[in-house]
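Report on the structure given below.
Counting starts at 1 for both ligands and their atoms, in listed order. When a residue number appears, it is its place in the shown sequence, counting from 1. Here the structure is a predicted model, which is why all the values come from computation and not from measurement.
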Amino acid sequence: MEAETIENEDELETFRVEYLGRKRGKVGALFDRIPELDPEERPAFGKAVNALKEDAQAKLDAARERLQQEKRAAGPDLDLTLPGRPPMPAGSLHPLRETLGEVSGIFERFGFSVAEGPEIEDDWHNFGALNFPPDHPARDMQDTFFLKKHGYKKHEDAPTGDDSPQQRSSENQDVVLRTHTSPMQIRVMETDEPPFRVVVPGRVYRNEALSYKSYCLFYQVEGLYVDEGVSMGHLKQTLSLFARSFFGEAVETRFRPSYFPFTEPSAEMDIWWDAGAGMGGQWMEILGCGMVHPHVLESADVDPERYTGYAFGMGIDRVTMLRHDVTDIRTLYENDVRFLRQF
Ligand code: DAH
């Protein structure tokens, strides 16, 4: 036994079984022979075998302790020369999502907060409160997906008599997919007191003919700033600063007069697009804007004698196309990874 060497876990176990094992261990075998001895020989023999057992146990414990120490000293079971695993493909934000976040972020730095609202809207928030009169042609500016249409009688079908426009509009329970983010102007003003300074990123829907520049859904960022003494100058200054922050100092912008029922005066802002539709460049409209119409402030219980405000609605798809020279809006919705991987 003295001569045995124990160099690893296997040898440790072999030693234990050979000497101290319950069934076939050598020490146990010696104890088993005690009954065969003369009675007077038994105590001395028993004592010797006991000493042997203790020696074996001591040797076993010492070896176990030594092996454990060696193992700890060797560090973790790790082969640093193995090749690494291939990394998981990281993926990235969709270019629309990225623009949406960046645009909101720029306005946040200007001091705007960010709000989001429902994509399913009632007629009041999407149209009525925004100063679209019932049956007014301005509603046709935005081809609407109706989810529920009742209580609303088209002009031709309306019975004559007490069917005044006011009455028709109050009965009007249409539910629509929002055609723009402007209803959030009303929702924000309804739930709080002025001043308001907020941007609203979100998805909107239009029942339009599809083309390289229109799709049936798209993204907008709405902006609203209402306080005492807000002017058209503030509006132009803020939007110009936005354009430089987003597109770079060299960006060319222009404002054109326009019409929206919910702003007066109204304007549109264009950006010069070098890659414009292979035509050697063109002006591209990226947003509508204007001074919030007093009727809109009234709809949301804000006093138009005391407060003025500006608003804008930016087309995020347009901005994304300008930035990445994408020439067909539809590619932004096809989820073709060969297209998306480029961003
Ligand atoms: N809601 C308009 C649209 O979708 C865009 C717009 C124009 C938003 C003028 C505004 C605004 O806030 O002031 O066509």
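Judged purely by distance below 3.5 Å, without hydrogens or angles, the side chains of Glu4 and Tyr19 pair a donor atom with an acceptor atom. Side chains of His324 and Gln342: no donor on one and acceptor on the other come within 3.5 Å.
At a 4.0 Å heavy-atom cut-off, ligand 1 touches Ser182 through the side chain alone.
Proximity of Arg206 to ligand 1 is established by a heavy-atom distance of less than 4.0 Å. Distances from ligand 1 to the non-hydrogen atoms of Phe262 include at least one value under 4.0 Å.
In terms of N/O distances under 3.5 Å, ligand 1 is approached by Phe312. Considering backbone and side-chain N/O of Gly223, none are found under 3.5 Å from N/O of ligand 1. An N or O contact shorter than 3.5 Å links Glu222 to ligand 1 by distance.
Listed by number with element, the atoms of ligand 1 under 4.0 Å from a non-hydrogen atom of Thr263 are 13 (O). Ligand-side atoms of ligand 1 in range of Gly290: 13 (O), range being under 4.0 angstrom from any heavy atom. Taking every non-hydrogen atom of Gln185 and a distance limit under 4.0 Å, the qualifying atoms of ligand 1 come out as 12 (O). In summary, the atoms of ligand 1 found under 4.0 Å from a heavy atom of Gln220, numbered by their order in the structure, are 3 (C), 4 (O). For ligand 1, the atoms closer than 4.0 angstrom to any heavy atom of Phe260 are 7 (C), 9 (C).
Ring pair His293/His295 is tilted by interplanar angle, where 30° to 60° counts as tilted. Between Phe127 and His180, the ring-plane angle classifies as tilted under the 30° and 60° cut-offs.
Residues Trp272 and Arg254 fail the side-chain proximity criterion, which asks for heavy atoms closer than 4.5 Å.
At least one donor-acceptor pair under 3.5 Å links the side chain of Glu222 to the backbone N or O of Ser182.
Each of Thr179, Asp174, Thr144 was scored for a side chain to side chain donor-acceptor pair (under 3.5 Å) with Asn126, with one residue passing: Thr179.
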* For side chain to side chain donor-acceptor pair (under 3.5 Å), just list the numbers for Asp328 and Tyr215, CA-CA rounded to whole Å, side-chain angles, deciding distance to a tenth of an Å, and then say yes or no. => CA-CA 10 Å; Asp328 190 328; Tyr215 197 61; over 6 Å; no

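The protein heavy-atom contact nearest to atom 8 (C) of ligand 1 is Gly313 N, 3.3 Å.
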